[in-house]
Structure formats: C-alpha cells, structure tokens
Trainee: 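Handing you this structure, nothing more for now.
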Amino acid sequence: MKALTYHGPGRRTWGDVPDPVVRDPEDAVVRVDAVTICGTDLHILKGDVPEVAEGRILGHEAVGTVVEAGSAVRTVAAGDRVLVSCVSACGRCAYCRAGVYGQCLGGGGWILGHLVDGTQAELVRTPFADNSLHRLPDAVSDETALMFADILPTAYEVGIRNGRVGPGDTVVIVGAGPVGLAAVAAARLYTPRRIVVVDLAESRLAAARAAGADETVRAGEDAEEAVRALSPDGLGVDVAIEAVGIPDTFELCTRLVRAGGRVANVGVHGRPAVLHLEDLWIRNVTVTTGLVDTSSTPLLLGLLEAGKLSVDGLVTHRFGLDEMPEAYDVFADSAGSGALKVALFRT
C-alpha cells in the first residue's frame, strides 16, 4: 500500500510500505476512505516530537471502512463505516476507567502516527478497536466526520471544558486555525456573552466570524488593549484559550484574563514558554493544559446529528489520497494558501 512516512526532521516520503495486519485480537484493520493532516504532524516533521521513529507512518485522524476485525472485537465488524479516533484506549487501566483515555497505561493514548503507524495511508491497523473506533450514521459525510477525529474533541475537552466556559462568559480564543475555529463552535454550546478571536491573518479572522465569533481582533501591539475593551468593565476575559502553541500567544493569554479567570492551553508547544507567576499568583488565575481524551466524541457526534453543532467551512482544500505530498505543502504554507483543514479522499 501507499503511505506517508517520516524520515527525520524535514524529511517525508509517500511510497510503498507493507500492508498492516491484525496483530492482536483487539485490533481492526480499516481501509482509509478520508484522512486529514494535523498541525501536530507538522510539529513531528520539524523534529519537535523525538519519540517518532524513522519510517513511522504519520497521521491520527481518518474515516474508513473496517476490512478485518480481530477475534476479540465486539462493537465493529467488517463492512462498518467508522471514525478512527486520534486517541486509542485499552479500556481497562485506571485512567481509561476514569475516561482519561489520553493517559492510557495499557498501550493506548496518542499512539497512531506517534508510537505506531498512523492513518495517512491506504490502510491502518487500529489497536483497541472496540474503544477507539466509532460507527458513523449514513447521514454524516466523510468530510464532516473527519473533524470529529481530533479537532472538535480537542477544542471541546481541552479548551472549552477545561476552561469551564459557562453562560455569560467572555471568551477569547487566540489562534484561528482549525482547533481555534472548532473552539468557537464548541464555545457557542454554552451561550457565552461574547466570543473574541485573535489572529494575524485576516482570512482566518473572516473564517472565525463565519464560525460564530462575535468579535475579531488582529494580532499585534494593540491586541491586548482591544480585547480588554471588549470585556466587562475592561477587567479582562473570563476564559482565554491558547490555540497556537508558541510562547508569545500563551503569555498573551495570561495577560488577557481577569482576576479569577482561566487560561486553557490547547496549542502544542515545541519551545519553552514563561509562566509569570510573579504576576499571576495574586490574581487567582487558573492555567490548564491537556491532551485530548476523546471521551466526548459520542456526545459531539450526537450534537452534530441533532443539528446543534456545525463544522461547515473548516475544510478549505480537498485532494485525492495519492496527492498527499501536495496536500502537505498546501497545509504547511497556510499563510500563502489560506488552508485551514485539508481533506484527502480515496478515489
């Protein structure tokens, strides 16, 4: 089969690799019908995730069709159309029993495209299939379902839920990439008073307004003042969600929150960021971090089916699966291409 493999910082190859097989009774092999590229894949290619071995197939988000299921798999079978979750869960360890699948001790967690071969291929082996695959209704398209493999649960769990967004809150989301835009959609579920989005690119700010942001602010010298002016009494926002993954945006979020506010870090950081405790300790500010657990995926899919959640507009570029190198180039050059989320389909 064809797959996208990692060969050290800055080096990737689309070429022939052996087909995956069922190795464990709890495995399933899924034919990839649609797949996408994540910002985390770009971090891997920069060398920010040293655990990724040379030759690893990248990718951790896909929609596909089960072609083979191990003898212990009970909830999916050959022919089922499924969402491949970005996080795998053994279902037995202490963390999984608490629904914290991202910290699985039994061989799961974020493993696809990280510690085992991932989804940017024609076929993928999915460990712990009962807990890590979700059957999809016919009414949900492959493209729409792709957004629920990673970015929607990440935005909801690590941004909205960890940040304790509630009715009447003023929320700022710094970064209008795919996860930032998903956070706009997820925040709206909680009827905040105002959602403000900060980004450098006007095209992404326009996408944020289309996704439901009440206000947008161009990143720059005056951004902090502009956001504060949009908060009640100018005191700062209730929740600041960091959705970029660089020191400047994290530190900006800590300055934007009011006393008693919450900073929810969602971005993947490859460099150290300064935590200014000399300023924050007296202001009762809560800072949270997190790896997505995907425990919310069934809930979010249900809200999608009920028409309560929309991901329209997140996919901006579409390719055939064999156009993987071109899709990477377009996604990596988002400033020039205007790409938000790319989707690749079996042809």
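Residues: numbered from 1 along the sequence shown.
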Trainee: Could you tell me whether the side chain of Glu61 and the main chain of Val84 form a donor-acceptor pair under 3.5 Å?
Mentor: no
Trainee: Does the side chain of Leu4 come within less than 4.5 Å of Ile57's, by heavy atoms?
Mentor: no
Trainee: What residues join Trp281 in its hydrophobic cluster, counting side-chain heavy atom gaps under 4.5 Å, either direct or through other members?
Mentor: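 Same cluster as Trp281: Ile282.
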Trainee: Taking 4.0 angstrom as the limit, do Arg92 and Glu26 come out as a salt bridge?
Mentor: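 The answer is yes: the pair qualifies as a salt bridge.
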Trainee: What side-chain donor-acceptor pairs closer than 3.5 Å can you find for residues 196-208, not counting sequence neighbours?
Mentor:
{"unit_1": "Asp199", "atom_1": "OD1", "unit_2": "Ala201", "atom_2": "N", "d": "2.9"}
{"unit_1": "Asp199", "atom_1": "OD2", "unit_2": "Ala176", "atom_2": "N", "d": "2.7"}
{"unit_1": "Glu202", "atom_1": "OE2", "unit_2": "Arg209", "atom_2": "NH2", "d": "2.8"}
{"unit_1": "Arg204", "atom_1": "NH2", "unit_2": "Ser334", "atom_2": "OG", "d": "3.4"}
{"unit_1": "Arg204", "atom_1": "NH2", "unit_2": "Ala339", "atom_2": "O", "d": "3.0"}

Trainee: Determine, for Glu68 against Arg31, whether the closest basic-nitrogen to carboxylate-oxygen distance falls under 4.0 angstrom.
Mentor: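 Between Arg31 and Glu68 there is no salt bridge, as every charged N stays at least 4.0 Å from the carboxylate O atoms.
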Trainee: Look at the side chain of Ser231 and the backbone N and O of Arg228, then say whether any donor-acceptor pair between them is shorter than 3.5 Å.
Mentor: yes
Trainee: Grab the two heavy atoms, one from Cys96 and one from Cys90, that are nearest each other, plus how far apart they are.
Mentor: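 Here Cys96 and Cys90 meet closest at SG-N, 3.6 Å.
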Trainee: I need the Tyr6 OH to Arg11 CZ distance, nearest 0.5 Å.
Mentor: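 It comes to 7.5 Å.
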Trainee: Is there side-chain contact between Leu309 and Phe148, with heavy atoms separated by less than 4.5 Å?
Mentor: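 They are in contact (side-chain heavy atoms under 4.5 Å apart), so the answer is yes.
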Trainee: Would you call the rings of His60 and Trp110 parallel, tilted or perpendicular if under 30° counts as parallel and over 60° as perpendicular?
Mentor: perpendicular
Trainee: I need the Asp279 CG to Glu251 CD distance, nearest 0.5 Å.
Mentor: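 Taking CG in Asp279 and CD in Glu251, the distance rounds to 10.5 Å.
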Trainee: Are any non-hydrogen side-chain atoms of Arg318 and Glu143 less than 4.5 angstrom apart?
Mentor: yes
Trainee: Please examine the side chains of Leu321 and Val35, heavy atoms only from C-beta on, and report whether any two atoms are closer than 4.5 Å.
Mentor: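 Sidechains of Leu321 and Val35: in contact.
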Trainee: Can a donor-acceptor pair be found, under 3.5 Å and without considering hydrogens, that links the side chain of Thr36 to the backbone of Val342?
Mentor: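 Side chain of Thr36 to backbone of Val342, a donor-acceptor pair under 3.5 Å: yes, one is there.
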Trainee: Using a 4.5 Å cut-off on heavy atoms from C-beta on, say whether the side chain of Val237 contacts that of Val171.
Mentor: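 SC-SC contact between Val171 and Val237 ruled out.
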Trainee: Among residues two or more places apart or on two chains, list those pairs meeting salt bridge (Lys or Arg N to Asp or Glu O under 4.0 Å) that have a residue in residues 322-334.
Mentor: Arg12-Asp329
Trainee: Checking side chain to side chain donor-acceptor pair (under 3.5 Å) between Asp238 and each of Arg258, Arg164, Arg193, which is the one that passes?
Mentor: Arg258
Trainee: Can Asp214 and Arg194 be counted as an ion pair, charged N to O under 4.0 angstrom?
Mentor: no
Trainee: Can you tell me if Ser85 uses its side chain to pair, donor with acceptor, with the backbone of Leu133 under 3.5 Å?
Mentor: no
Trainee: Quick one, Ile173 with Leu181, criterion side chain to side chain contact (heavy atoms under 4.5 Å, CB included). Give me CA distance, side-chain angles, the key distance, then yes/no.
Mentor: CA-CA 9 Å; Ile173 299 165; Leu181 296 175; over 6 Å; no
Trainee: Find the distance between CD (Gln103) and SG (Cys93) and round it off to the nearest 0.5 Å.
Mentor: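 Gln103 atom CD to Cys93 atom SG measures 9.5 Å (nearest 0.5 Å).
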Trainee: Ion pair present between Asp142 and Arg81, side-chain N to carboxylate O less than 4.0 angstrom?
Mentor: yes
Trainee: Between Asp169 and Arg262, does the salt bridge (Lys or Arg N to Asp or Glu O under 4.0 Å) criterion hold? Intermediate values first, please.
Mentor: CA-CA 11 Å; Asp169 280 348; Arg262 287 90 67 194; 3.2 Å; yes
Trainee: Within this structure, what is the CD-NE2 distance for the pair Glu54 and His7, rounded to the nearest 0.5 Å?
Mentor: 6.5 Å
Trainee: Linking Ile, Leu, Val, Met, Phe, Trp and Tyr by side-chain heavy atoms under 4.5 Å, what else ends up with Val100?
Mentor: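 Tyr95, Leu105, all in the cluster of Val100.
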Trainee: Can you find a side-chain donor-acceptor pair between Tyr328 and Gln120 that sits under 3.5 Å?
Mentor: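 Their side chains do contain a donor-acceptor pair, which is all the 3.5 Å distance test asks for.
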Trainee: Going by the salt bridge (Lys or Arg N to Asp or Glu O under 4.0 Å) test, which pairs reach into residues 101-130, not counting sequence neighbours?
Mentor: Asp27-Arg125, Arg56-Asp117
Trainee: Run the side chain to side chain contact (heavy atoms under 4.5 Å, CB included) test against Thr289 and tell me which residues pass, sequence neighbours left out.
Mentor: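 Per chain and number, Thr289 pairs via side chain to side chain contact (heavy atoms under 4.5 Å, CB included) with Asn265.
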Trainee: Do the non-hydrogen side-chain atoms of Ser132 and Thr126 ever get within less than 4.5 Å of each other?
Mentor: no
